Amino acid sequence: MTQLTAFGPDFPFDYEAWIRHPAGIGTVPQKTHGTPVAVIGAGAAGIVAGFELMKLGLRPVFYESAQFGGRLRSQVFEGSDGIVAELGGMRFPISSRGFYHYLNLTGCKTKPFPNPLTPAAGSTVIDIEGRTHFARKAEDLPQIYRDIAEAYSAALAEQAAFPELQAAVRDKDVARIKAIWDPLVAEWDERTFYDFVTHSPAFQRLNFHHREVFGQVGFGTGGWDSDFPNSMLEILRVNLLGLDDEQRFVVGGVEQVLHKLWRLAPDCTYWPEGTTLESLNGGATRSRCTGLSRVGDLIRVRDQWGNEDDYPAVLATCQSHLLTTAIDVEENLFNQKVWMALDRTRYMQSSKTFVMVNRPFWKDIDPHTNRPTLSMTLTDRLTRGTYFFDNGEDQPGVICLSYAWMTDALKVLPLSDEKRVELALSALRKIYPDVDIASHIRGAPICVSWEADENFLGAFKGALPGHYRYNHRIYGHFMQDGFEDSEKGLFLAGDGISWTPAWVEGAVQTALNSVWGIMTHLGGACVAENPGPGDLYAERAPVQLPE
């Protein structure tokens, strides 16, 4: 079976093949070599785009409001030797081929992520309504869980032609993908994930309790009830592209991928051997961008200290709401339809609570049960998901005591880190009454609530019913031929601009879209044997719903 890749379905383009092609992704006119291009945000989208722009012979100039890495944030526990908590992205499916291209360039290593019911987790405990089940594989669980899994598979086949669609994606059959997917967009954009579940014949043969358990346990990585209000298209993409399957984590922390790209010296047009993003930026990013305005054919970028510079092209990779709040953006840089889309983008809340422990004690075998002391845990309690990270027997381990979304994340929003740990330990004590987790904790906890961060205002986009048209406007914004002159030159990228929010592959793909846009805006083009996303956009563009 062909390995699944993040190919479509809205815009089926092989980004990995484009960036790996021996002819390169394209060229810009010699007169533009060395031209500065502003990049707002040093997260995954910004760094990937900057890396490719540098290779073209342009000079990316970075503006960063706070912390390098964006939501690829790996925080080291104080007093440890590089033991990290992954506060943002931590699970990277192997279908994310664009992201893995850049990860492999840096030499970073990955291991299977300890998701529920996987060999990497070793064992899993599901605790719902006070009843606890231990399992090493799905077959170890009670029949209700198998009934739910079978019902969801049947629902996908009944209502989304899923086996046929997935086969088309595996085969990279563009015509077949569009023939199946485009009608699904019209059918499911305005209907929720919950609607999909409750109206499927397979789930109608079950009862409410089955749907309730499905929301708590879900499929792949855990409970999906926080996604029940979202457009079903969001969930179909996750299933279709294998984003919830065969996930891996980056050894030593994913943030290092971006730091290494920042310091990596590829073969570049124009720039001398050894040139890096770091060297082109004088060793550090510029400060927070606070203003964008039009000055003739250029766009003026103002930073927080009042410094102003003009650029022929600017790439904004920040969270979209910052363009209407933290950054003073001249209104005519976007048309009103795009402003509406940026404003209406809806972000989901997320919280994590981590502690470092003296050793991976959870692997100790309880002599009374002959089972591990603790297991990867899914529950309807406050913690929701608990994960264990083994750094070796002679190294401290890490426990993600709680990973929660939406309402569950908001419950702990005003609480201190210590209080969050206390609540998580209290919940886990009800599942493991004989285990003293606290006795193993070392140092201070590390917690995050992304909605409380002024630079993010949420963890990731979650499109609501009716939001497809908004996503269409901002995703296709890199195609600027028909724009008014006042709107040209400012580009958008990031996972929130993509069709796959919350996944770094979406950031990578929209970054590459923007590179094509900037390249052509400056008079460049792809080579004929390696057309880019914009060259194929007209024939493969996401379906346009009537407005």
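These figures come from a predicted structure and were not determined experimentally.
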Among Arg540, Lys178, Arg237, which one satisfies salt bridge (charged side-chain N to carboxylate O under 4.0 Å, His left out) with Asp10?
->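 Exactly one pass, corresponding to Arg237.
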Which pair of heavy atoms, one from Ala161 and one from Ile180, lies closest together, and at what distance?
->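 What the structure gives for the nearest pair is CB-CG2, 4.0 Å.
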Taking every non-hydrogen atom, the tightest pair across Arg300 and Asp310 = NE-OD1, 2.7 Å
[atom1]/[X]: more than 12 non-hydrogen atoms of other groups inside 6.0 Å:
X: Glu484; atom1: CD; value: no
X: Arg176; atom1: CZ; value: no
X: Glu246; atom1: CD; value: no
X: Glu547; atom1: CD; value: yes

Ion pair present between Arg97 and Asp14, side-chain N to carboxylate O less than 4.0 angstrom?
->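 Judged by the 4.0 Å cut-off on N to carboxylate O distance, Arg97 and Asp14 do not form a salt bridge.
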Between Phe334 and His477, does a ring pair (Phe, Tyr, Trp, His ring centres under 6.0 Å) hold up when you go through it step by step?
-> CA-CA 10 Å; Phe334 295 117; His477 185 264; 5.4 Å; yes
To the nearest 0.5 Å, what is the distance between [atom1] ([X]) and [atom2] ([Y])?
X: Phe7; Y: Ile177; atom1: CZ; atom2: CD1; result: 5.0 Å
X: Leu258; Y: Thr106; atom1: CG; atom2: OG1; result: 9.0 Å
X: Asp495; Y: Lys461; atom1: CG; atom2: NZ; result: 8.0 Å

Examine distances only and state if a side-chain atom of [X] and a backbone atom of [Y] form a donor-acceptor pair shorter than 3.5 Å.
X: Thr285; Y: Phe62; result: no
X: Asn230; Y: Thr192; result: no
X: Trp339; Y: Glu331; result: yes

Lys/Arg cation over aromatic Phe483: Lys488, 6.0 Å, 45° cone =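 So Lys488 doesn't make the cation-pi contact.
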May I ask you to decide if the ring planes of Phe11 and Tyr537 are parallel, tilted or perpendicular, using 30° and 60° as cut-offs?
->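 Geometry flag for Tyr537 against Phe11: tilted rings.
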Can you say whether the rings of Tyr475 and Trp499 are parallel (under 30°), tilted (30 to 60°) or perpendicular (over 60°)?
-> tilted
Would you tell me whether [X] and [Y] have side-chain atoms, one donor and one acceptor, within less than 3.5 Å of each other?
X: Thr275; Y: Tyr270; answer: no
X: Asp343; Y: Tyr470; answer: no
X: Asp227; Y: Trp405; answer: no
X: Arg473; Y: Asn335; answer: no
X: Asn115; Y: Arg91; answer: yes

Evaluation steps, side-chain hydrogen bond (donor to acceptor under 3.5 Å, both in side chains), between Trp262 and Asn281 = CA-CA 10 Å; Trp262 176 252; Asn281 283 270; over 6 Å; no
Are Tyr387 and Phe113 an aromatic pair by the rule of ring centers under 6.0 Å?
-> yes
